[in-house]
Amino acid sequence: MSSLFGGTVLRYAVTVGLYIASMGFGVVVFELNKTKLDLVSSFINLEMTLAILGACFPFAMIVLTSSLSTVAFGALASVSLCHIFVIIIGFLSGIELPLLMEAGEKASVSSGSQVLAFDYLGTVAGCFTFPLFLLPSLGLFATALSLALANALIAFIFAWQQSYSRTRSAMLLTTIMGLLIFSDTISEYILKEFYL
């Protein structure tokens, strides 16, 4: 969003703030509904949803920005819509962590503190890996698809182990892998068609 709309510091602050607030809301919603959820199937569905959103988000940003550029208040509308994506992903991520903690404790595999520790360590690893390695070497679209692939792979592994939604998770994993293979071609087309 910084490359599309400028204002790196403002964009970072607003995005992180909205994301964390949305995570908090996701935690609250999970706590209110956790007794009604099948933890494993909910986790698999959540990972698949995050994979789809993560794969689509950068492409959708370019298309939205281009499509709304000629409309009155188009820049404001496109920034707002992009932040809605951030809110949705933050909300789902907020459900993801307590869902993992609850599932780990019920299966006696891990404690909540272990899950939190790995989450925090993963956050630190992501903070360095994303800007220093992934983005410079793969570019925006391939990086987004690589991260989406990680979610899809997790969903596929859990689905395979639990005999739940195997076909859907396999199709999603295959689709994202295909998009990743052709990410350069797809990104060139989208940039030429909608942005340049």
Side-chain angles (χ1 to χ4, degrees), residues 1-65 67-68 73-105 110-132 134-135 140-141 143-152 154-155 158:
M1 288 180 9
S2 294
S3 61
L4 288 173
F5 305 120
T8 305
V9 175
L10 175 64
R11 199 67 49 224
Y12 176 84
V14 171
T15 301
V16 170
L18 284 174
Y19 182 78
I20 292 173
S22 303
M23 282 182 73
F25 186 59
V27 171
V28 170
V29 169
F30 173 79
E31 285 298 320
L32 293 173
N33 295 285
K34 69 179 177 183
T35 55
K36 305 171 194 171
L37 297 174
D38 177 316
L39 297 176
V40 174
S41 62
S42 296
F43 179 72
I44 293 167
N45 289 328
L46 183 67
E47 291 302 313
M48 287 196 286
T49 305
L50 283 169
I52 292 166
L53 291 173
C56 295
F57 184 48
F59 299 102
M61 276 197 316
I62 297 290
V63 173
L64 278 172
T65 305
S67 302
L68 295 172
F73 303 106
L76 179 63
S78 58
V79 169
S80 301
L81 287 169
C82 288
H83 281 119
I84 288 171
F85 270 104
V86 171
I87 290 167
I88 292 168
I89 291 172
F91 172 75
L92 294 174
S93 298
I95 294 172
E96 181 182 33
L97 188 58
L99 186 59
L100 267 176
M101 291 168 70
E102 190 82 15
E105 287 176 357
S110 62
S111 67
S113 58
Q114 287 173 311
V115 173
L116 275 176
F118 279 109
D119 180 62
Y120 294 150
L121 290 171
T123 300
V124 170
C127 286
F128 289 106
T129 306
F130 178 76
L132 297 176
L134 291 175
L135 202 55
L140 178 64
F141 297 110
T143 297
L145 289 167
S146 298
L147 298 174
L149 185 63
N151 286 104
I154 291 166
F158 273 82

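All residue numbers in this chain count up from 1 along the given sequence. Remember, it's a predicted structure, so these values are computed and weren't measured experimentally.
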Heavy-atom check, side chain of [X] versus side chain of [Y], under 4.5 Å:
X	Y	result
Asn45	Met48	yes
Leu97	Val27	no
Phe141	Ile62	yes

Look up atom [atom1] in [X] and atom [atom2] in [Y], then write down how far apart they are to the nearest 0.5 Å.
X	Y	atom1	atom2	answer
Leu18	Ile84	CG	CD1	10.0 Å
Glu47	Leu50	CD	CG	6.0 Å
Ile95	Ser22	CD1	OG	11.0 Å
Leu149	Ile154	CG	CD1	10.0 Å
Ser93	Leu99	OG	CG	12.0 Å
Leu134	Leu147	CG	CG	6.0 Å

Exercise. Given Tyr12, which of Val16, Val9, Thr15, Val14 fulfils the side chain to side chain contact (heavy atoms under 4.5 Å, CB included) condition?
Worked result: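 Only match with Tyr12 under side chain to side chain contact (heavy atoms under 4.5 Å, CB included): Val16.
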For this session: Sorted by first residue and then second, give each ring-ring contact (aromatic ring centres under 6.0 Å, His included) pair with at least one member in residues 79-101; sequence neighbours left out.
Result: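 Found Phe25-Phe91, Phe57-Phe85.
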Exercise. So, does Asn33 use its side chain to make a donor-acceptor pair with the main chain of Lys36 at under 3.5 Å?
Worked result: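 Judged by distance alone, no pair lies under 3.5 Å.
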For this session: Please step through side-chain contact (heavy atoms from CB on, under 4.5 Å) for the pair Leu37 and Phe30, ending with a clear verdict.
Result: CA-CA 9 Å; Leu37 297 174; Phe30 173 79; 3.8 Å; yes
Exercise. Residues in side chain to side chain contact (heavy atoms under 4.5 Å, CB included) with Thr35, at least two apart?
Worked result: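 Thr35 satisfies side chain to side chain contact (heavy atoms under 4.5 Å, CB included) with no other residue.
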Exercise. Considering residues at least two apart in sequence or located in another chain, which fulfil the side chain to side chain contact (heavy atoms under 4.5 Å, CB included) criterion with Val28?
Worked result: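 Residues passing side chain to side chain contact (heavy atoms under 4.5 Å, CB included) with Val28: Leu32.
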For this session: State, to 0.1 Å, how close Ala51 and Ala148 come at their nearest heavy-atom pair, and which atoms those are.
Result: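 Of all heavy-atom pairs spanning Ala51 and Ala148, the closest is O-CB, 3.2 Å.
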Problem set entry | Minimum-distance pair of heavy atoms, taken over all atoms of Ala144 and Gly54 |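 That closest heavy-atom pairing would be CB-O, 3.7 Å.
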For this session: Decide yes or no on side-chain contact (heavy atoms from CB on, under 4.5 Å) for Leu145 and Phe59, but give the supporting numbers first.
Result: CA-CA 10 Å; Leu145 289 167; Phe59 299 102; 4.2 Å; yes
For this session: I would like to know whether Arg11 and Val79 meet side-chain contact (heavy atoms from CB on, under 4.5 Å); could you show each step before the answer?
Result: CA-CA 10 Å; Arg11 199 67 49 224; Val79 169; 3.9 Å; yes
